[in-house]
Colleague: 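Got a structure here, written out as structure tokens. Questions coming.
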Amino acid sequence: MKICFKILALCCAVTMTMTMMTVAFAAAPKGEIKVGAVFPMTGPSATFGQESVNGIKMGLATINKAGIKGQALKVIFEDDKGEPVEAANAVRKLINIDKVVTLLGSVASSNTLAAAPIAQEAKIPLITPASTNEKVTMAGDYISRTCFTDDFQGVVMAKFAFESLKKTRAAIIVDNSSDYSKGLSKVFREKFTALGGTIVGKSEYAYQQKDTDFRSLLQKIKRENPDVIWLPGYYTEAGLILKQAREMGMNLPFLGGDGWDSATLQKLAGPEGIKGNYISSHFSSEDKDPMVQNFVKEYTKLYKQAPGAMAALGYDVIFVLADALKRAKTFGPEDIKMAINSTTNFQGITGNITIDKNRNAQKSAVVLETTANGFAFKQKVAP
Ligand code: PHE
């Protein structure tokens, strides 16, 4: 009997709180579309998150001047610290507590791979501006991306090594804690050997994120006498590898993917380490396109630093979402998903965005040379 009372009292309390919440909700000003954004704001890939958020906020300011069908776009940011578990938790919180209708993020593929099945299961659309691993969008129809994939990026760099640099003996260094790195290592190996090149030594030399001493690994590679090194990692480790390699007298070019695209790379690699390496990425701040130049100018004015790839990708993804919301029948997740997935010919800073039937974007990549002053434009490669 006593317990019954307790339960009754509890029920009353819950009902009252819920009623109060409903009243409070109804009284609040109408017209906010809530979107969640999960990015690494701290940790070893922090510049990716910081740039993404800068780009998104810059875009939001423009979008919210006019609003979308009378509603403002509200983005709730969460830090995934560059960790898959954190990314998954952040997505759960945004879906269950904040009740967002769409998610943006994350950057490193392993983190988006951890988050995507949760969004898919909850039927909340998730757009990643940056995760290039093939598997990311395979989580289901609610998961899409506004960037190219590693099947493309890896081929671009294998061809660049063999055809443009005329290299024939590559060594591969893989970050074994990253799905992105493992995927790119495989794509490069297949394409480079298909073109007629050789992979020297072990099929790949492995390290883990947060490693800081790469000398013994580099020593082993040096003995195999490669003429180029494929290093599809992130800037924190790649920068240190470049520095240590040059100190060991390894003056051959290192090639990377978009994971190197951070101003911190220059700082870590130092003036010798940075020279004469190449990466593929999503955008070049040296692109003459007036739309790109205008973006570079505005961004630099606002944040006192030049935008990297993630800034441009973040800026584009918020506009792609705004465009989809304008076309969506309602602001319900199902309608938003359909609008996102039918995005066609959207003109972004990072190129022309069409979401294809596998919910990937077929876009051009750029090849950039790493220099002490930043990333210098080399070539643009169409899909
Ligand atoms: N493509 C990388 C990944 O999937 C992330 C990245 C994108 C990093 C763009 C920098 C710039 O892990």
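Because the structure is a prediction, the values reported are computed rather than measured. Atoms within each ligand, like the ligands themselves, are counted from 1 in listed order.
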Colleague: Any atoms of ligand 1 less than 4.0 Å from a non-hydrogen atom of F48? List them with their elements.
Modeller: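 Reading through ligand 1 atom by atom, the close ones are 8 (C), 10 (C).
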Colleague: Could you find the nearest protein heavy atom to atom 6 (C) of ligand 1 and give me its residue, atom name and distance?
Modeller: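 Scanning the protein heavy atoms, the shortest distance from atom 6 (C) of ligand 1 goes to V107 CG1, 3.5 Å.
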Colleague: Are side-chain N/O atoms of T371 and N373 paired as donor and acceptor at under 3.5 Å?
Modeller: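 No, no side-chain donor-acceptor pair sits under 3.5 Å.
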Colleague: At less than 4.0 angstrom from any non-hydrogen atom of Y234, what atoms of ligand 1 do you find?
Modeller: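 Counting from 1, the qualifying ligand atoms are 3 (C), 12 (O).
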Colleague: Is a side-chain N or O of E78 found less than 3.5 angstrom from the main chain of V38, in a donor-acceptor match?
Modeller: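 Not at all, since once roles are kept as given, no pair shorter than 3.5 Å links the two residues.
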Colleague: So is Q153 close enough to ligand 1, meaning a heavy atom under 4.0 angstrom away?
Modeller: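 No, Q153 has no heavy atom closer than 4.0 Å to ligand 1.
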Colleague: So which protein heavy atom does atom 4 (O) of ligand 1 come closest to, and at what separation?
Modeller: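 For atom 4 (O) of ligand 1, the nearest protein heavy atom comes out as S109 OG, 2.5 Å.
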Colleague: Just jot down the side-chain contact (heavy atoms from CB on, under 4.5 Å) partners of E334, sequence neighbours excluded, or say none.
Modeller: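 side-chain contact (heavy atoms from CB on, under 4.5 Å) list for E334, sorted by chain: Y142, K337, M338.
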Colleague: Is there a nitrogen or oxygen of D261 sitting under 3.5 Å from a nitrogen or oxygen of ligand 1?
Modeller: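 No; the residue has no nitrogen or oxygen that sits under 3.5 Å from a nitrogen or oxygen of the ligand.
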Colleague: Which ligand 1 atoms are under 4.0 Å away from a heavy-atom of S131?
Modeller: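 It comes down to these atoms of ligand 1: 4 (O).
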Colleague: Give me the ring orientation class for F48 and Y235: parallel if the planes are under 30° apart, tilted from 30 to 60°, perpendicular past 60°.
Modeller: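 Rings of F48 and Y235: perpendicular, over 60°.
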Colleague: Does the plane of the ring in F283 sit parallel, tilted or perpendicular to the ring in F295? Use 30° and 60° as the thresholds.
Modeller: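 Answer is perpendicular, since the angle exceeds 60°.
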Colleague: Relative to each other, are the rings of Y299 and Y303 parallel, tilted or perpendicular (30° and 60° limits)?
Modeller: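 The arrangement is tilted - the two ring planes meet at 30° to 60°.
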Colleague: Can you tell me the protein heavy atom closest to atom 7 (C) of ligand 1 and the distance?
Modeller: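 Protein heavy atom at minimum distance: D258 OD2, 3.2 Å.
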Colleague: Under 6.0 Å from the NZ atom of K363, do we count more than 12 heavy atoms belonging to anything else shown?
Modeller: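 Count over threshold, so yes.
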Colleague: Is there at least one pair of N or O atoms, one from L313 and one from ligand 1, spaced under 3.5 Å apart?
Modeller: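 Such a contact does not occur with ligand 1.
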